Amino acid sequence: KGEFKQAIDHYLKALELDPTNYVVMNNISGAYLRLRLFNDALNYANKALGIKANYAPCIINAGIAHVSQGNLAEGEVFLAKAVALDPSNRVALFNLAVLCEKQGSYDRAFENYYKLSQMRDVDGCLGAARILERQGRDSESARFYREILTIDTATPSARQFANQKLTQLSR
């Protein structure tokens, strides 16, 4: 429902009953991320990682918190670790791809978007197509836009966007 403050209150009560529950700590971290309270998010992520160092969802939250605070290199370390631990984690792959793209590391961004596209992920296809277009590889990018049209879970707006891009690229 988007009631993150209320969720945090409930999670904190749960944490009183089970003070070493890293899943609850991670959920608190995630709620703080949604509230854009990045220091608090990182604090709870670090607490959880102190209990279970290789818990991928928490590593992702820590990475997102670092990136959101402008600590891009540190965030990249966390996101890359999450992908290494769980190579099919869509959230980790997507966040790492976006970060690489923002940093101008287009080959690394494409690599992560491509992995997502192989899982029939619309955002992966969009990212891969965007990178290829930026590199002037229009016919290759069109392949990813066509792929979106075959994905059952693609939203109508994603399909419309893919169709528009295909029309532009065919000119």
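Quick caveat: nothing in here was measured; it's all calculated off a predicted structure. Values below: every heavy atom of this structure, side chains too, minus hydrogens, waters and symmetry copies.
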Salt bridge check: are Glu111 and Lys115 linked by an N-O gap of less than 4.0 Å? yes
Is it the case that atom CZ in Arg134 sees more than 12 heavy atoms from other parts of the structure closer than 6.0 Å? yes
How many angstroms lie between atom SG of Cys125 and atom CZ of Arg120, to the nearest 0.5 angstrom? 8.0 Å
Note: Glu76-Lys102 ion pair, threshold 4.0 Å (strictly below): no
Would you say that Asp86 contacts Ile59 through its side chain, given a criterion of any heavy-atom pair below 4.5 Å between the two side chains? no
Taking the side chain as C-beta and beyond, is there a heavy-atom pair between Lys165 and Glu133 under 4.5 Å? yes
Determine whether Leu49 and Ile51 make a side-chain contact, defined as any pair of heavy atoms from C-beta on separated by less than 4.5 Å. no
Is there side-chain contact between Leu42 and Asn46, with heavy atoms separated by less than 4.5 Å? yes
Below 4.5 Å, heavy atoms only, C-beta onward: do Tyr22 and Cys58 meet side chain to side chain? no
Taking every heavy atom of Asn61 against every heavy atom of Ser29, the minimum-distance pair comes out as CB-OG, 3.5 Å
Tell me yes or no: between the side chains of Gln168 and Tyr145, is some donor less than 3.5 Å from an acceptor? no
dist Ser88:OG -> Leu93:CG (nearest 0.5 Å) comes out at 8.0 Å
Would you say the side chain of Arg137 lies within less than 4.5 Å of the side chain of Ile131, judging by non-hydrogen atoms? no
Can you give me the closest heavy-atom contact between Met25 and Tyr44, atom names plus distance? O-CB, 3.6 Å
Give the C-alpha distance, both sets of side-chain angles, the deciding distance and a yes or no for side chain to side chain contact (heavy atoms under 4.5 Å, CB included) between Ile28 and Asn26. CA-CA 5 Å; Ile28 294 170; Asn26 182 61; over 6 Å; no
Once you round to the nearest 0.5 Å, how far does CD of Gln164 lie from CG of Leu169? 11.5 Å
Heavy-atom distance under 4.5 Å between the side chains of Phe4 and Tyr32, does that happen here? no
Establish whether Leu17 and Val24 are linked, either directly or via other cluster members, by ILVMFWY side-chain heavy-atom contacts under 4.5 Å. no
Answer yes or no: is there a donor N or O on one side and an acceptor on the other, between the side chain of Asp121 and the main chain of Gly124, under 3.5 Å? yes
Honestly curious: do Ile64 and Val77 fall in one hydrophobic cluster under the side-chain, below-4.5 Å linking rule? no
Parallel, tilted or perpendicular: which fits the ring planes of Phe78 and His66, with parallel below 30° and perpendicular above 60°? parallel
With hydrophobic residues grouped by side-chain heavy-atom distances under 4.5 Å, do Val91 and Tyr114 end up in a single group? yes
How about Val98 and Tyr113: do any of their side-chain heavy atoms sit closer than 4.5 Å? yes
Are Phe110 and Leu79 connected into the same hydrophobic cluster when the rule is that any two of I, L, V, M, F, W, Y join if their side-chain heavy atoms are below 4.5 Å apart? yes
Rounded distance [0.5 Å steps], NE2 in His10 versus NZ in Lys5: 14.5 Å
Would you compute the distance between atom CG of Leu37 and atom OG of Ser68 and round it to the nearest 0.5 angstrom? 11.5 Å
Between Leu166 and Ala142, what is the shortest heavy-atom contact and its length? CD2-O, 3.5 Å
Ionic contact status for Glu101 with Arg108, cut-off 4.0 Å: no
How close do Ala109 and Ala97 get, heavy atom to heavy atom, and via which atoms? CB-O, 3.5 Å
Side chain to side chain contact (heavy atoms under 4.5 Å, CB included) between Ile8 and Asn27, intermediate numbers included: CA-CA 8 Å; Ile8 290 169; Asn27 291 344; over 6 Å; no
Run the side chain to side chain contact (heavy atoms under 4.5 Å, CB included) test on Leu116 and Phe94 for me, step by step, so that the C-alpha distance in whole Å, both residues' side-chain angles and the decisive distance to 0.1 Å come before the verdict. CA-CA 7 Å; Leu116 282 169; Phe94 179 73; 3.8 Å; yes
Is there a continuous path of hydrophobic side-chain contacts, each under 4.5 Å between heavy atoms, that joins Ile151 to Leu149? yes
Say you draw a straight line from OG1 of Thr150 to CZ of Arg159; how long is it, rounded to the nearest 0.5 Å? 8.0 Å
Stepwise side chain to side chain contact (heavy atoms under 4.5 Å, CB included) check, Ile60 with Asn89: CA-CA 10 Å; Ile60 295 166; Asn89 187 305; 3.5 Å; yes
